Each structure stands twice: as C-alpha cells, then as structure tokens.
Amino acid sequence: MNRSVACPFLLFFLCFATVSPATASGGGQWELLQPSIGVSAMHMQLLSNDRVIVFDRTDFGPSNLSLPGGRCRNDPRDWTLTVDCTAHAAEYDVPSNAVRPLTVLTDPWCSSGTVSPDGRLIQTGGANDGERAVRYLDPCHDRLCDWEEDAAGLAAARWYATNHVLPDGRAVVVGGRSQHNYEFVPKLGAADAGAVSLPFLRETRDAEYNNLYPFVYLNVDGNLFVFANNRAILLDYKTNSIVRTYPTVPDGHPRNYPSTGSSVLLPLQPSGSEAEVLICGGAPEGSFTKASTQKVFVGALNTCVRIGINDPSPSWSVETMPSPRLMGDMILLPSGDEVLIINGAAAGSAGWELGREPVLKPVSYRHGSPAGSRFDVKTPATIPRMYHSTAILLRDGRVLVGGSNPHAFYNFTGVDFPTDLSLEAYSPAYLEAANSNARPAITGAGPPVELNYGKPFSLRFSVAAMSEKGVLVTMVAPSFATHSFSMNQRLLILESKPAAAADAESSLYVVDAMAPSSTFMAPPGYYMVFVVNGGIPSEGVWVHIQH
Ligand SMILES: *[C@@H]1O[C@H](CO)[C@@H](O)[C@H](O)[C@H]1NC(C)=O
Ligand SMILES: *[C@@H]1O[C@H](CO)[C@@H](O)[C@H](O)[C@H]1NC(C)=O
C-alpha cells in the first residue's frame with residue numbers, strides 16, 4: 001500500500017510531500033527524527049536498552065542542551081568555557097524518540113569505545129583533560145544513569161585511537177596521536193597496566209599522520225587485523241608478534257584519518273575460516289596538506305579495496321564506486337548481503353573545515369554479487385554530513401544518522417557547513433511497505449535471550465509470505481561510530497536449519513540456529529539477532545552471549 005494513502009486527510013499533503021519524493025529514486029527513505037538534540041553526534045553507540053549514547057566535545061563552548069538541576073561543569077582547563085552549564089553528551093531513546101542530557105566532565109573529543117560483556121559502555125581517551133580518561137556508562141532502564149569517569153584510567157594519552165572488544169571481554173585500545181602502542185582496559189592486573197609498543201604504527205605514520213583511527217578487527221583466528229595508512233598486519237596481541245604482513249593497497253593512497261575512508265569486516269560465515277575486509281573511499285596522499293595550506297580541495301578516492309585476510313596469498317582487489325567519497329560511514333545491514341555507504345564528501349580532507357562537495361546519495365554494496373554489479377545508488381539525503389558525522393544500525397533495521405561539525409565551535413551561521421544537531425533515520429529499501437508481506441516478526445522474545453557458544457537455539461517468527469529461498473539468521477554487534485569508522489562492527493551469518501511451520505494456519509514458523517562457535521567468532525556481549533526472509537530482515541531481538 002502507498003504510505004501516503006494511510007495518512008490522515010489533513011496531513012495528506014505533508015505526507016505526500018515527504019514520502020513520495022523520497023521513494024522516487026534508488027530506494028530507501030529519509031526521516032528527520034529530531035531537528036536538534038542539542039549536541040552534535042560526533043560519537044554514537046547503541047546500547048542493549050535501545051538507547052543511543054551521543055557525545056561531542058567539552059571544549060566547543062556552550063551546547064544547545066542544558067544540564068538539569070542547575071548543574072555546571074567547572075573546568076579550569078577547558079579551552080573555551082571554564083564554567084559550562086550545558087551538556088556535551090546525551091542519551092537518545094529510540095522507541096520514544098526522546099533525549100536526556102548526560103554529564104561528561106572531561107573532554108571526550110575524538111575518542112573511542114566498546115561495550116563490555118555486561119552491556120556497559122567503556123569509552124576511552126579524548127583530548128585536553130580527557131586524554132587519559134576511561135568513562136563508564138550503564139545501560140539503565142530508568143533515567144538515572146550517567147557517566148562515571150576515571151580521569152587517569154589509561155597508561156597513555158589516546159586521541160584518535162581505535163578500540164576493539166577481545167575474546168576475554170577486555171578491550172584493546174590501539175594507537176592515537178603520537179602513540180605507537182596499544183593497551184587494554186579494564187586493567188585487571190599488573191600485566192595490563194602499561195602500553196605495549198607497536199612499531200607498525202610509527203612506520204605507517206606519514207607527514208599528515210594518515211594512520212589515525214586505524215581499522216582494527218578481531219580475526220576469526222583470534223588475532224587482530226590492523227590496517228593503518230595503506231597497509232595492514234595481523235597482530236597476535238598476546239605475544240605482541242606480527243603473524244602476517246599484508247601488501248600495500250594497489251594505489252598506495254592512505255585510507256585512515258585524515259584521509260578518512262571507511263571500512264567493514266564483511267559478514268562472517270558459520271564455517272569460521274574466511275574473513276574479508278572492505279575499505280571504501282578516502283583521500284589521495286597530500287589532500288590534507290593541500291586543503292589546509294593552499295585551500296586546494298583534491299577529489300576523493302572513488303575506489304573500494306577488498307582482501308581475504310586468511311587467504312594463502314592475500315591480495316587486494318579494487319572496485320570502482322559510483323562516485324568518489326571520503327568521510328563516508330559503512331554499515332553492515334542486517335539482511336547480511338549488503339553494506340551501506342553513507343555520509344561524507346567528494347573533495348578535500350577530514351579536519352576542521354577541509355571537506356567540500358557533500359555526497360548526499362548513499363550507496364549500497366552487495367558483496368555477494370558478481371564484481372562489476374555490486375553497487376546501487378540510493379535515495380539522496382538533504383542534510384550534508386561532513387566531518388564529525390556518524391551513522392549506526394538500530395535494532396529495527398533503520399540507520400541512525402547524525403552529526404557534522406567541521407568547526408572548532410558550535411557555528412550555526414556564516415559558515416559553509418553549519419554545525420548540525422539533528423538526528424535522521426535512513427530506512428533501507430527492505431523497510432518499504434511493499435516488503436511487509438515478506439517481513440518476519442520474531443515472536444515471544446523478551447529481554448535479552450541468553451545464548452551459549454556452539455549451542456543451538458530456536459527463534460519463533462511469523463511471516464505472511466515465506467520466501468522459497470528460506471530464511472537466514474544474522475547476528476550483529478552494536479558498534480561505536482566516530483570519524484567514519486564503526487569499531488566492533490561485526491555481522492555473523494549463523495548456521496541454521498530450514499525453518500519449519502509451527503502452525504501453518506497462522507503463518508508461525510520456527511528456525512533452529514546455532515550460536516557462534518567461539519569467542520573468536522563473537523566476543524562476549526550483547527548482539528542483535530535478525531531473521532531474514534528472502535533478503536528482508538525482521539526487527540532484531542537482543543541476545544547476550546558469554547562463557
Ligand atoms: C542553538 O542555540 C542558538 C542560540 O540560542 C541558536 O541560535 C541556534 O539556532 C540553535 N541551533 C540549533 C540547531 O538548534
Ligand atoms: C564560530 O563560533 C565561535 C564561537 O562562538 C566564534 O568565535 C567564531 O567567530 C564563529 N565562526 C564563524 C566563522 O562565524
């Protein structure tokens with residue numbers, strides 16, 4: 001059914017105007033959720049209570065979100081405003097579309113994070129008085145949880161570092177400005193206390209840095225894949241030894257900050273032997289310097305590079321995107337067959353006011369299709385999402401998009417790309433009304449379902465039109481998004497049996513699936529599980545897995 005028909009009469013023209021043009025080209029729809037949440041979504045993390053923690057930077061000056069109860073931050077070290085009674089972090093509740101201010105005291109600018117196995121956000125580093133902070137936030141069901149901070153929780157200052165959750169539930173924190181090393185949080189003992197040297201980060205640092213926010217993935221063999229600048233290693237973090245060295249990408253151009261491409265670990269198959277990394281876009285070498293010193297805004301890279309990291313002789317294959325892009329965000333969609341590339345710009349560099357030519361059209365990449373026919377251009381956005389913008393997957397299958405603040409302050413007027421405080425949702429084509437008959441609905445799942453490694457579990461679902469191809473079960477980790485990279489982003493296709501009718505008359509089915517075999521496949525914590533029918537995912541349910 002055409003959605004505009006369902007609109008109340010008085011809203012007909014409004015609905016018609018917003019829905020119809022948005023569906024006209026390419027697929028997918030945009031919806032403005034909040035014109036302003038008061039802070040700019042520089043960092044975003046979805047928690048298992050369906051709330052998204054959003055924060056920017058304390059040194060921006062006053063935000064548009066007041067701290068409650070006359071609370072103020074008295075920070076003599078703040079670079080802009082030493083007494084600040086506004087919030088720089090907020091909790092966005094997805095089901096009610098409501099925003100609550102949170103109190104972050106030290107500066108989390110350009111920081112990193114993971115969710116611990118118990119569902120707690122563990123966020124690390126930042127700048128100024130926050131560069132060694134470890135901050136914790138519980139996923140509460142009331143409105144009382146707020147940040148707890150340990151201002152000296154890290155061994156080294158971590159600004160532009162990347163985190164990844166490990167099989168034992170700790171997080172590794174890799175790199176950061178002038179940090180050619182990594183460390184672990186939480187610190188369980190003396191062995192965790194210090195930083196471990198990683199010369200690869202010194203070797204990949206160039207005159208523009210270009211190796212910040214490295215792309216880090218937990219490989220299915222338990223080692224860490226670390227991509228920095230234009231090449232990668234496989235690191236055994238337990239012995240601090242390099243297990244494998246991968247070739248330099250074919251064109252040699254940098255992909256990390258400030259050249260800022262984006263990357264994902266492609267969906268993992270149940271066999272657990274293969275793993276492929278995809279990196280898309282970025283800026284040619286020298287772009288940051290040209291933009292910052294000469295105001296010359298070089299065109300972004302228009303390629304993706306892809307590598308099987310466990311292949312006997314790994315090599316990069318190169319594909320051409322429909323258009324150039326840097327500062328894109330890449331999201332693994334729960335259908336398990338598609339990567340969304342969204343946000344960003346077609347020229348310039350990451351860094352203050354160095355991006356030009358916003359790219360409004362998302363692109364989807366179907367990694368399983370034959371090379372040459374993988375890309376598809378989607379319905380364009382209206383709001384440019386430049387430097388400091390983010391995108392994350394929500395449990396209902398939508399993609400939450402926010403941020404864009406290429407300025408050192410909140411600048412709403414007199415600049416090319418004003419500070420943006422809005423939140424939007426991009427709904428991929430699978431959510432269109434035309435797919436409602438094929439959309440499964442998982443029934444009877446309450447609060448997080450407990451899974452056990454390597455053990456079967458069942459999901460009951462209803463669907464009006466069962467696909468001849470049968471159903472897939474996918475499992476997605478909620479990721480920490482900032483600077484065009486989603487840390488801990490991981491999608492598993494679970495082994496499952498053909499779905500069986502539980503009650504043919506009421507379209508009820510049951511699918512038996514196998515939980516991931518090991519913590520190498522799926523580090524402990526909370527995940528969203530989806531039933532996918534002929535490419536159409538259900539709404540996800542939260543599951544928890546831990547030894
Ligand atoms: C933020 O507040 C300022 C000052 O009140 C106002 O001028 C500006 O329009 C607000 N911006 C947004 C995006 O709400
Ligand atoms: C951005 O905001 C800051 C702080 O309010 C102000 O000093 C600066 O002039 C603004 N920049 C522009 C280009 O308006």
Side-chain angles (χ1 to χ4, degrees), residues 18 30-44 52-93 96-104 107-110 126-130 258 288 291-297 327 343 345 347-358 360 381-391 400-426 482:
T18 56
W30 288 89
E31 183 189 1
L32 183 64
L33 300 172
Q34 287 280 354
S36 170
I37 59 165
V39 300
S40 192
M42 187 191 294
H43 314 77
M44 290 207 288
V52 178
I53 306 305
V54 180
F55 55 96
D56 49 26
R57 165 187 187 215
T58 55
D59 295 282
F60 265 150
S63 76
N64 282 37
L65 183 65
S66 294
L67 281 170
R71 206 183 302 159
C72 298
R73 201 169 49 85
N74 293 291
D75 184 356
R77 289 179 62 185
D78 194 287
W79 286 321
T80 306
L81 187 65
T82 53
V83 180
D84 186 352
C85 305
T86 67
H88 293 281
E91 178 195 73
Y92 172 70
D93 182 61
S96 66
N97 192 28
V99 178
R100 181 171 73 95
L102 298 174
T103 320
V104 64
D107 192 1
W109 180 30
C110 301
N128 194 1
D129 57 358
F288 174 82
S292 51
T293 63
Q294 302 163 30
K295 292 203 180 308
V296 170
F297 303 98
M327 299 188 286
N343 298 343
S349 169
W352 297 133
E353 291 159 9
L354 300 181
R356 292 293 183 278
E357 301 174 32
L360 297 175
T382 52
I383 302 174
R385 301 287 177 181
M386 308 293 279
Y387 186 43
H388 290 152
S389 59
T390 46
L400 184 67
V401 176
S404 193
N405 187 9
H407 315 289
F409 304 97
Y410 296 100
N411 289 105
F412 302 110
T413 53
V415 290
D416 280 347
F417 302 106
T419 303
D420 190 284
L421 308 183
S422 69
L423 285 182
E424 288 181 284
Y426 172 75
T482 191

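Nothing here was measured: the structure is a model prediction, and the numbers come from that model. As the structure lists them, so they are numbered: ligands from 1, and atoms in each ligand from 1.
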Worked check of salt bridge (charged side-chain N to carboxylate O under 4.0 Å, His left out) between Asp93 and Arg100:
CA-CA 8 Å; Asp93 182 61; Arg100 181 171 73 95; over 6 Å; no
For Val415, the ligand 2 atoms with a heavy-atom partner under 4.0 Å come out as 13 (C)
Anything under 30° is parallel, anything over 60° is perpendicular, the rest tilted; go ahead and classify Trp109 against Trp352.
parallel
As a quick check of understanding, evaluate salt bridge (charged side-chain N to carboxylate O under 4.0 Å, His left out) for Arg73 and Asp78, giving each step before the final call.
CA-CA 10 Å; Arg73 201 169 49 85; Asp78 194 287; 2.9 Å; yes
Working for side-chain hydrogen bond (donor to acceptor under 3.5 Å, both in side chains), residues Arg71 and Thr103
CA-CA 9 Å; Arg71 206 183 302 159; Thr103 320; 2.2 Å; yes
Between the protein and ligand 1, which nitrogen or oxygen pairs come in under 3.5 Å, and how far apart is each?
from	atom 1	to	atom 2	distance (Å)
ligand 1	2 (O)	Asn64	OD1	3.2
ligand 1	2 (O)	Asn64	ND2	2.3
ligand 1	11 (N)	Asn64	ND2	2.9
ligand 1	14 (O)	Asn64	ND2	3.4

Thr482 and His43 have their tightest heavy-atom pair at OG1-CD2, 3.3 Å
How far apart are the closest heavy atoms of Thr419 and Asn405, and which atoms are they?
OG1-OD1, 2.7 Å
